[in-house]
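The structure under discussion appears below in the form of structure tokens.
Just so you know, these numbers come straight off a predicted model, no measurement behind them.
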Amino acid sequence: MEGKYIPKHVEDKWQQFWETRKSFESVEDTSRRKYYLLEMFPYPSGRIHMGHVRNYSIGDVIARFKRMKGYNVLHPMGWDAFGMPAENAAIQNKSHPARWTYENIDYMRGQLKKMGLSYAWDRELATCSVDYYQWEQLIFLQMYKKGLAYKRNSFVNWCPKCETVLANEQVEEGRCWRCDSEVVQKELDQWFFRITDYADELLECTYNLPGWPERVLTMQRNWIGKSYGCEIDFPVEGHLAGIKVFTTRQDTLYGATFMSLAPEHPMALTLTLPENRPAVEAFIEKVKKTEKTARTAEDFEKEGVFTGSYCINPVTNRRMPVYLANFVLTDYGTGAVMAVPTHDQRDFEFARKYGLPLQVVIQPEAESLDPTSMAAAYTAEGIMVNSGQFDGLKSGDAKEKIADYLEKEGIGKKTVNFRLRDWGISRQRYWGNPIPIIYCDLCGVVPVPEKDLPVVLPMDVTFTGEGGNPLATVEDFVNVTCPQCGELARRETDTMDTFVESSWYFLRYCCPDFIAGPIDKERAEYWMSVDQYIGGIEHAVLHLLYARFFTKVLRDLGYCAIDEPFTNLLTQGMVIKDGAKMSKSKGNVVDPNALIEKYGADTARLFSLFAAPPEKDLDWSDQGVDGSYRFLNRVWKLVHDTLPLLANAGSIDVSSLGEEGKGLRRTVHKTIRKVTEDVEERFHFNTAIAAIMEMVNAIQAFEPKNDPRHAAVLKEALESLVLLLAPFVPHIASELWEGLGHAEGVETADWPSYDPAVAASEELLIVVQVNGKLRSKITMAVSAGEPEMKEAALSDERVQPFIEGKTVRKVICVPGKLVNIVVG
RNA sequence: GCCGAAGUGGUGGAAUUGGUAGACACGCAAGAUUCAGGUUCUUGUGCGGGCAACCGUGUGCUGGUUCGAGUCCAGUCUUCGGCACCA
């Protein structure tokens, strides 16, 4: 151990030590308690950023802590390696996405190793490797067989800049989640995963995930968007087929006076009379041209057009004109809305604009609604009126009764509707997993036989950036013979959404070398579920929903026996500097390399853990980093300077200890308790570190250090200090642990335990209040009972002025804490 | 509009069960060390008053419950995040 703390020397040494020892590799061992800790794997964008540093520092504390606690810890790392930036870089550099990706991986792996993160590098995987994606193709084929993967023509979200399709989850306020371009609707033949089949289970299970943050669960529930209602048939005059609507307000059915269809509704044109045709077509054209962002703007004007047709309200027999309306969405419910202008604000505005009739069917108790003078729709509950046999009921009760009635009469049925749409996974890109499908003119859609897997992504491709998907230009890839009839056929050139890879990688980590299938069931059963998952909140409804879906699919395919992939989820906050998220465009990025170069990885880790609790945003402060570095220097100096005093330290002889010795021991044991609880139960690393800092202050202030009676106490203090620091700042802790005479690495040491008797104080500080205001503090023995406390409080001289000449009405006593004297 | 989270010193943040508000840091100020700068060390640091002991006051705002409220309740304002013509 050198006299001066030089982070680089220490960190290089121990990183090499861990590397040669393979310290963090783990094998399945059913005799040991397992702990699967996972941080969201990174996209190999080039270099790690502060968000990674924070995410992985948090994870590493838990991994190292659990190991010291005796768990068999699985802590893997890999690369979410398919994706568009690689393709863009290839175009720019006239290179290849694979080369760019693997170079980035090599560089970033080096960076992670320089952080001293305790990963099982033997399990590293990259999703762009055929060893990985071939199994995903197999899963796809099995999903296809079960009807969970299917192709259909549909309007899809299309990003003109990325020239590819986006899933609903990847559109944010009408813009591409990646490049921020305006998303347009395009009609395309696309592959989908039937996530809607699992909508109910995905929703139900959110109520059984106590280890997830409530806000993530809420977001997922909102996204799934389950609502209960009825599907009701409205016959159309002069047509055999009626219009189906979905409504959650069947209690307002008697007030439905017209019908609104989405402009894209399949019956829109068939219901249009010849004389209405020009206006209708013009309207449809206009809506199509309107950008989605404009269409969802707050003050967007409700507009529509009459088709000329009428449908019949099945309970009132009223003739209802059928309109097309710009606010009706084609992909929610049935794309048709029964319009009740008195009790729905949009219908109200629409009716006023086009002079359509209003009929009140729910009367509030406080006021009397008049259709001619109403200024807005009444949407709350009330008493049913003008609703035949349901008059007089509360509207809430009528909901159920009308639903029953509709079912009995065969007019409609109770149904549930979800906001969640199927997951469109086709991407018109090269750098992704090829969808294993062949198109044959004779046989149609033919899945690639399992024995012909993998469909290898061809490497010999040139990237110009023009003309759409480069994969479609590779003749050798596209032209195949049909596996069924042997005739010439074409290969699917769409690749899978890269979110597919991240939907099951946590299962592959359990058995990355398994060659008989995607998942070795036995090994997966030992490790799964992930005990603790850590990542950014931005994945609340993207990755985290897809991963849950995939786990359930894989369960139903027989690959694993679990329902949910992640038992506990920690969503760490963003790294903020100067009031904004770190980004190149804002020019406020701090480069981890420079930080590690200047201060070392331990300082980078310590600061990112100390500055804020994990789930909060972290405000970056260069001065704060200095502070963390200073602290490590103080620790180093403290251990180094104290070392000579420990030479003759034996075991602690309690009877010979002075007050100072006892006091230091108390601090040490209290700190062990505090740090253990903060790390284990709350992940409050900031307060854990604060407690360690206090302990360092106490050891530093400890006098007399030279008293030989105290050598053993000092030794206990320093060893505890180093052990407590080990999960946070592993390099310096390893060096100090060695300096204290331990040959085995600190990462294999046992987490220190505390003795409650030693941690307990003999004396306590009792707070004395008068009428709830702090007036004095007195020190009393722990054994002091209520009478003694009251006695001491009432006779305390600082309390006297406040009770003199007043009547003591009550004295409240909380043993060991406070006395409150109530005077009046 | 709906759902969720959060408002505490100059700053990041503590206060775990209703019981000392501001732990631990950063910053700042004074002093020591130094030729000097940096480092390091000591002391102080919510605000107002006072030489001081101390007193008053203080957790977005207004009320309430309680012996006692940053914490619980009601209302309200602000900020951030998510969803949104969802029928």
Side-chain angles (χ1 to χ4, degrees), chain A residues 172-173 213-223 225 227 229 245-250 252 256 260 262 295-302 325-329 331-340 343-347 349-350 379 417-419 537-538 540-541 573-574 576 607 610-613 615-628 630-631 633-634 637 674 677-678 681-682 684 686-697 700 765-777 798 801 809-814 816-824:
Chain A
E172 294 168 348
E173 292 177 346
E214 196 52 41
R215 63 173 173 156
V216 174
L217 296 174
T218 308
M219 280 189 224
Q220 293 216 350
R221 285 174 203 142
N222 286 346
W223 191 263
S227 50
V245 305
F246 169 76
T247 183
T248 56
R249 292 298 308 272
Q250 61 271 16
T252 64
S260 306
R295 222 179 134 175
T296 52
E298 227 169 273
D299 51 354
F300 191 70
E301 169 129 25
K302 280 146 201 60
N326 61 356
F327 63 87
V328 181
L329 306 173
D331 58 359
Y332 183 78
T334 62
V337 180
M338 67 170 205
V340 186
H343 304 296
D344 181 283
Q345 186 57 28
R346 291 153 303 170
D347 297 343
E349 288 170 33
F350 196 86
T379 54
N417 192 54
F418 291 94
R419 208 189 75 100
I537 184 76
E538 65 272 19
V541 282
M574 289 185 304
I576 302 284
F607 176 72
F610 178 61
E615 65 276 10
K616 277 201 175 184
D617 283 349
L618 183 154
D619 211 341
W620 192 265
S621 137
D622 292 331
Q623 283 120 357
V625 178
D626 282 331
S628 294
R630 268 202 295 266
F631 171 71
N633 274 292
R634 278 173 59 209
K637 197 165 180 307
K674 165 85 176 151
E677 287 172 1
D678 277 354
E681 293 163 27
R682 284 183 290 277
H684 280 193
N686 55 333
T687 51
I689 293 165
I692 298 173
M693 287 174 169
E694 284 183 81
M695 183 166 114
V696 169
N697 293 344
Q700 235 163 9
L765 193 67
I766 304 296
V767 170
V768 183
Q769 298 177 334
V770 178
N771 286 346
K773 279 203 165 81
L774 175 70
R775 293 304 177 190
S776 183
K777 296 170 190 178
R798 269 175 298 216
R809 293 181 191 274
K810 210 199 272 188
V811 180
I812 282 137
C813 188
V814 182
K817 274 210 169 130
L818 70 83
V819 178
N820 187 12
I821 302 162
V822 185
V823 296

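In this structure, CD1 of A:Ile576 is placed 12 Å from C1' of B:G81, rounded to the nearest angstrom. Atom CZ in A:Phe607 sits about 11 Å away from atom P in B:C26, given to the nearest Å. Distance CG (A:Leu818) to C1' (B:C67): 10 Å, rounded to an integer number of Å. Rounded to an integer number of Å, the gap from A:Leu774 CG to B:G58 P is 15 Å. A:Ile812 places its CD1 atom 11 Å from the C1' atom of B:G19, with the value rounded to the nearest Å. Computed from coordinates, the A:Gln220 CD to B:C83 C1' distance equals 13 Å when rounded to whole Å. Note: CD (A:Gln700) to P (B:C41) measures 7 Å, nearest angstrom. Straight-line distance from the CZ atom of A:Arg221 to the P atom of B:G82: 19 Å, rounded to whole Å.
The main-chain N or O of A:Met574 is found under 3.5 Å from a side-chain atom of A:Asp617 such that the two form a donor-acceptor pair. Here the side chain of A:Asp347 pairs a donor or acceptor atom with the backbone of A:Val340 at under 3.5 angstrom.
Comparing the C1' positions of B:C24 and B:A15 gives a spacing of 12 Å, expressed to the nearest Å. B:U62 and B:G10 have their C1' atoms separated by 28 Å, given to the nearest Å. Comparing B:A29 with B:G68, their C1' atoms are spaced 37 Å from each other, to the whole Å. For B:A69 and B:G60, the P atoms lie 15 Å apart once the distance is rounded to whole Å.
At a threshold of 4.0 angstrom between heavy atoms, the contacts of A:Leu765 include nucleobase atoms, whether or not backbone atoms are also involved. Across all strands shown, A:Gln623 has heavy atoms under 4.0 Å from sugar-phosphate atoms exclusively, and none from any base. A:Gly225 comes within 4.0 angstrom of nothing in the nucleic acid, heavy atoms only. A:Arg419 comes within 4.0 angstrom of a base, heavy atoms only. Among the atoms of the strands shown, only primed sugar atoms or phosphate atoms (P, OP1, OP2) are found under 4.0 Å from some heavy atom of A:Val822.
Remark: A:Arg630 is not in phosphate contact with B:A25, judged by side-chain N or O atoms under 4.0 Å from OP1 or OP2. Note on A:Lys302: every side-chain N or O is 4.0 Å or more away from OP1 and OP2 of B:C85. Applying the 4.0 Å criterion to OP1 and OP2 of B:U20, one finds that A:Arg775 has every side-chain N and O outside that range.
Between B:G82, B:C54, B:C24, one nucleotide has an atom nearer to the side chain of A:Asn222 than all others, and that is B:G82. Considering only the side chain of A:Val328, B:A87 comes nearest among B:A87, B:C67, B:U40. Considering only side-chain atoms of A:Arg346, the nucleotide from B:C24, B:C67, B:C85 that sits closest is B:C85. For A:Ser227, the listed nucleotide lying nearest its side chain is B:A87; candidates were B:G82, B:C85, B:A87. Checked against B:A23, B:C26, B:C83, the side chain of A:Ala690 finds its nearest nucleotide in B:A23. Comparing B:G68, B:A25, B:C26 by their nearest atom to the side chain of A:Asn697 picks out B:A25. Comparing atom distances between the A:Met219 side chain and each of B:A87, B:G81, B:U20 picks out B:G81 as nearest.
With hydrogens and angles left out, the side-chain atoms of A:Arg775 and A:Asn820 include no donor and acceptor closer than 3.5 Å. Judged by distance alone, the side chains of A:Ser227 and A:Asn417 never bring a donor and an acceptor atom under 3.5 Å apart.
Against the 90° criterion about 0, the sugar-base torsion of B:G9 places it in the syn range.
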Exercise for review: Take nucleotides 7-18 of chain B nucleotide by nucleotide from the 5' end and write B, S or -, depending on whether a protein heavy atom sits under 4.0 Å from the base, only from the sugar-phosphate, or from neither.
Suggested key: -----BSS-B--
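Salt bridge A:Glu214/A:Arg221: present, at least one basic N to carboxylate O contact under 4.0 Å. For A:Asp626 and A:Arg630, the salt-bridge test fails: no basic side-chain N is under 4.0 Å from an acidic carboxylate O.
Side chains of A:Val819 and A:Ile812 form no contact here, defined as non-hydrogen atoms less than 4.5 Å apart. In this structure the side chain of A:Asn771 never reaches within 4.5 angstrom of the side chain of A:Lys773, judged on heavy atoms.
For RNA chain B, runs of at least 3 consecutive pairs of the Watson-Crick or G-U wobble type, with both hydrogen-bonding distances under 3.5 angstrom, map to B:1-7 with B:77-83, B:10-12 with B:24-26, B:27-32 with B:40-45, B:46-49 with B:54-57, B:60-64 with B:72-76.
Residues forming a ring pair (Phe, Tyr, Trp, His ring centres under 6.0 Å) with A:Phe350 (at least two apart in sequence, or on another chain): A:Phe258, A:Tyr323, A:Phe327, A:Tyr354.
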